[in-house]
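A short write-up of the structure that comes next.
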Amino acid sequence: MPTYSHSRLETYENCPRLYKLQYIDKIEIEETESVEAFLGSRVHEALEKLYKDVRMTKIPTLDEILEFYEKAWDENWHDGVNIVRKDYTPENYRELGRRCISEYYGKYYPFDESRTIAVEHVVFFPLDNDRNYWIRGVIDRLSVAKDGTYEIHDYKTSGRLPTQEQVDSDRQLALYHIAIKRMWPDVKQIELVWHYLVFGKEMRSRRSADDLAKLKQEVMELIKKIENDTEFRPKESALCDWCAYPEYCPAKKHITMTSKLPVNDYLKEPGVVLVNKFAELQRHKKEIEEEMDKVREALINYAKENDVEVIKGSDHRVLVRFYKNLAFPTKDHPHRHDLEDLVRSLGLWERVSVLSPVSLAKLVESGQLDDEVVAKLSDLAVEEVRPWVKLSKLRPGDEDL
Ligand code: SF4
């Protein structure tokens with residue numbers, strides 16, 4: 001039975017294919033790590049040491065903590081540390097870490113706001129009574145404030161400061177709240193505390209029993225969705241720049257492979273040739289369609305001006321005829337509901353409505369129907385694989401892979 005963590009769930013939400021490559025296929029790749037992750041690990045280690053010392057009644061000096069940080073930075077740095085934002089050097093990131101630690105130290109010294117009871121504390125617990133869904137996580141620091149409130153602390157070195165609304169709906173620390181409540185049911189109050197170190201800002205939030213019950217339900221639904229996924233579609237986003245698996249991803253594999261080719265070989269590569277041909281034909285098609293619209297319009301005007309309905313060419317003839325139609329409100333028209341109500345009340349619904357197989361397929365696939373209903377409908381459906389081909393401009397970053 002797989003164990004889920006917040007970051008595992010988040011990976012699926014960000015990109016199902018990345019989730020599959022990382023957690024199901026467990027593709028082994030050369031050791032790579034984003035510089036942001038590297039920086040986060042070093043800062044976490046430094047703060048872990050700080051609080052371990054404090055717990056042992058020793059308050060280390062800032063210089064000692066910074067020395068620890070610098071040493072860990074040098075010892076752990078490796079060739080696989082990847083800097084995506086090319087405007088910044090390793091030294092910029094290193095200095096950012098120093099600043100995060102120094103500001104934190106200055107703000108909380110002598111670290112007696114609350115009593116630390118655990119650092120890097122591993123939690124592992126089931127979400128449901130049947131113990132089918134297990135969550136694992138690591139609490140950066142757990143402490144007890146002077147009024148007895150348990151505080152779950154999390155250090156963030158991200159360069160993005162969330163809103164209060166976002167931290168109020170944060171999943172990670174809320175899951176840890178559930179874990180702490182299970183471990184110590186007598187705990188009266190629990191507070192979630194984020195330290196956004198780059199901004200020197202602390203953010204706090206609390207959760208009610210209802211919030212936590214809702215969260216458990218949502219997480220179990222998400223896990224079911226993951227376990228029932230058979231496609232794991234790639235979801236391209238800005239995060240692709242940080243992805244370690246572009247060579248294995250159907251959305252990035254060809255781009256990665258061809259970007260390494262010398263320009264002559266690149267232009268001869270069969271996929272590149274086909275896309276270029278397709279783009280050229282699409283352009284012609286558009287030009288021809290625009291030209292046809294103009295000629296069609298001219299034929300209509302000619303027929304009107306000359307009061308003819310058949311216009312003769314060399315090998316073809318064109319029939320231009322004008323029909324009067326009744327146009328009822330379409331699907332998104334504001335009076336559509338009135339029309340539907342009227343048609344029903346007149347007993348005409350069965351005669352004019354038609355089943356939409358596309359809408360029915362979407363409804364079945366949405367997961368909103370009972371399993372029994374889905375099973376009955378599925379008996380009359382056949383699974384088809386239909387290709388969908390769409391031409392678009394290259395995206396930012398496609399050239400750089
Ligand atoms: S490259 Fe992008 S789309 Fe492909 S697996 Fe990675 S994150 Fe997903």
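Numbers here are sequence positions counted from 1. Just follow the structure's listing: the first ligand is 1, and inside any ligand the first atom is 1.
- Remark: Lys214 engages Glu218 in a salt bridge, criterion side-chain N to carboxylate O under 4.0 Å.
- Figure legend: Arg42 and Phe38 shown as a cation-pi pair, the cationic atom lying under 6.0 angstrom from the six-membered ring centre and within 45 degrees of its axis.
- For Glu10 and Asn14, the side-chain atoms include no donor-acceptor pair closer than 3.5 Å.
- Sequence neighbours left out, the pairs with a member in residues 176-191 that pass side-chain hydrogen bond (donor to acceptor under 3.5 Å, both in side chains) are Gln172-Tyr176, Gln189-Arg206, Glu191-Arg204, Glu191-Arg206.
- When the options Glu48, Arg141, His195, His44 are evaluated for a side-chain hydrogen bond (donor to acceptor under 3.5 Å, both in side chains) with Tyr155, the one that passes is Arg141.
- Distances under 2.8 Å from atom 4 (Fe) of ligand 1 pick out the protein N/O/S atoms Cys249 SG.
- In this model, no donor atom of one side chain and acceptor atom of the other lie less than 3.5 Å apart for Asp63 and Thr61.
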